[in-house]
Amino acid sequence: AQSVSQHNHHVILSEAASLELGCNYSYGGTVNLFWYVQYPGQHLQLLLKYFSGDPLVKGIKGFEAEFIKSKFSFNLRKPSVQWSDTAEYFCAVTGGGNKLTFGTGTQLKVEL
Amino acid sequence: NAGVMQNPRHLVRRRGQEARLRCSPMKGHSHVYWYRQLPEEGLKFMVYLQKENIIDESGMPKERFSAEFPKEGPSILRIQQVVRGDSAAYFCASSLGSGSRFYEQYFGPGTRLTVT
C-alpha cells in the first residue's frame with residue numbers, strides 16, 4: 001500500500017523567507033505526484049503536479065517542486081513567501097490507479 | 001466557471017438517521033471520487049466512480065456506506081444509520097475521463113457531517 005509522509009506539521013515563516021516543505025512517499029512503481037493547497041475558508045486547489053519528464057516542476061504563484069526518485073521525495077519550494085501563502089499544504093500521490101493518497105498536511109503561517 | 005459542487009455544505013444528523021451527500025462534477029468531467037477527512041487526519045480515499053459504474057471502492061467501509069453516480073444527476077454518497085464516528089468532512093473530486101489531464105482531480109468545498 002502506498003503512503004505519504006509530510007514531516008512538518010506546522011511551519012511559521014516571516015514574509016520573504018524561503019520555504020521548503022518535505023514530502024516522502026512509499027510506492028514501488030510509477031507514481032504521479034501532486035501538491036494541493038487549501039487557503040483559509042476555501043477548498044483544496046491543485047498547486048502543481050508531476051507525471052513524467054523534467055523532475056523540476058513549476059506551479060502557480062511561484063511554487064515549484066522537485067521529484068527525486070532515488071529519495072522517493074517531492075519537496076515543495078518557494079524562494080520568497082508572502083503573507084497570502086498562509087494555508088495548509090497537502091502532498092499526494094497516485095500509483096497503480098487513480099486514487100489519491102494524501103499526507104497529513106502542513107499548516108503554513110506567514111507573518112508580516 | 002462552475003467547479004465541483006457539493007451540497008449540503010453542513011449536515012447535522014442524529015445517530016441512526018441517514019445522511020445523503022451530493023456531488024456534481026465539473027462540466028465535462030465523467031469521473032468522481034469521494035474522500036473523507038476525519039478530525040486531525042488527512043484525506044482518505046473512499047470510492048471512485050464513473051457514470052453508472054463503481055471503479056474502485058477499496059476505501060469504503062463495508063457496512064452502511066454506499067455510493068452511486070447515475071447516468072443523470074449528481075453522485076450520491078449515502079450513509080445509513082449514522083454513528084458519531086461518521087462525523088467528518090466529506091470531499092468530492094472530479095476528473096476528465098481520458099487524456100493527459102486524467103489524473104488531475106478537482107475538489108469541491110466539502111460537506112461537514114456532524115452526528116449528534
Side-chain angles (χ1 to χ4, degrees), chain A residues 1-10 21-27 29-54 57 59-60 65 67 74 87-107, chain B residues 1-7 9-10 23-26 29-50 53-60 67 69 88-112:
Chain A
Q2 57 206 35
S3 65
V4 176
S5 296
Q6 290 183 244
H7 314 297
N8 314 101
H9 297 295
H10 293 90
L21 301 182
C23 172
N24 287 90
Y25 67 92
S26 66
Y27 183 71
T30 302
V31 293
N32 300 309
L33 296 154
F34 306 84
W35 277 96
Y36 282 85
V37 59
Q38 188 170 27
Y39 297 102
Q42 297 187 28
H43 56 275
L44 276 169
Q45 299 174 39
L46 183 61
L47 194 57
L48 49 77
K49 60 189 183 285
Y50 173 80
F51 294 158
S52 63
D54 188 344
V57 292
I60 59 172
F67 170 50
F74 190 56
E88 190 159 17
Y89 293 80
F90 294 91
C91 181
V93 60
T94 61
N98 208 23
K99 61 184 182 186
L100 285 164
T101 298
F102 283 88
T104 51
T106 297
Q107 191 72 246
Chain B
N1 182 20
V4 178
M5 309 283 283
Q6 287 188 252
N7 66 80
R9 295 290 305 276
H10 299 275
C23 169
S24 297
M26 280 180 70
H29 286 191
S30 58
H31 293 218
V32 164
Y33 314 81
W34 286 93
Y35 295 83
R36 177 167 66 172
Q37 186 175 31
L38 293 167
E40 305 301 321
E41 294 188 20
L43 282 83
K44 299 274 196 263
F45 169 81
M46 298 181 76
V47 63
Y48 163 29
L49 310 104
Q50 295 176 20
N53 279 309
I54 296 174
I55 306 303
D56 181 351
E57 56 182 347
S58 58
M60 285 280 269
F69 188 16
Y90 292 82
F91 292 92
C92 171
S94 70
S95 73
L96 289 168
S98 61
S100 61
R101 301 184 71 179
F102 169 61
Y103 291 104
E104 292 182 26
Q105 295 181 27
Y106 293 85
F107 282 78
T111 294
R112 273 158 180 77

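Predicted model, so just to flag it, every value in this text is computed and none were measured. Letters A, B, ... are given to chains in the order of the sequence lines, protein chains preceding strands, and every chain is numbered from 1.
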Going by the rule ring pair (Phe, Tyr, Trp, His ring centres under 6.0 Å), which residues pair with B:Phe45 if we only count those two or more places apart in sequence or in a different chain?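 Counting only residues at least two positions away or on another chain, B:Phe45 forms a ring pair (Phe, Tyr, Trp, His ring centres under 6.0 Å) with B:Tyr35.
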Tell me if the CE atom of B:Met60 is crowded by more than 12 foreign heavy atoms within 6.0 Å.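 Enclosed: over 12 neighbouring heavy atoms sit under 6.0 Å from CE of B:Met60.
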Do B:Tyr106 and A:His43 make a side-chain contact, defined as non-hydrogen atoms from C-beta onward lying under 4.5 Å apart?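 Sidechains of A:His43 and B:Tyr106: no contact.
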Do you know which of A:Asn32, A:Leu44, A:Thr94, A:Leu100 has the most heavy-atom pairs with chain B at a distance under 4.5 angstrom?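 When all of A:Asn32, A:Leu44, A:Thr94, A:Leu100 are compared, A:Leu100 has the most.
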Under the side chain to side chain donor-acceptor pair (under 3.5 Å) test, residues paired with B:Tyr48 that sit two or more places apart: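 Partners of B:Tyr48 by the side chain to side chain donor-acceptor pair (under 3.5 Å) criterion, ordered by chain and then number, come out as B:His31.
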Reported CZ-to-CD distance for the pair A:Phe51 and B:Glu104, which is rounded to 0.5 angstrom: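 Result: 5.0 Å between the selected atoms.
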Rounded to the nearest 0.5 Å, how far does CD of B:Gln105 lie from CZ of A:Phe34?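 Here the interatomic distance stands at 7.0 Å.
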Examine whether an atom of A:Asn98 lies under 4.5 Å from a heavy atom of chain B, and if so say whether it belongs to the side chain, the backbone or both; otherwise answer neither.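 A:Asn98 touches chain B through backbone and side-chain heavy atoms alike.
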Could you tell me which portion of A:Leu46 (side chain, backbone, both or neither) has an atom closer than 4.5 angstrom to a non-hydrogen atom of chain B?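 Contact with chain B involves the side chain of A:Leu46 alone.
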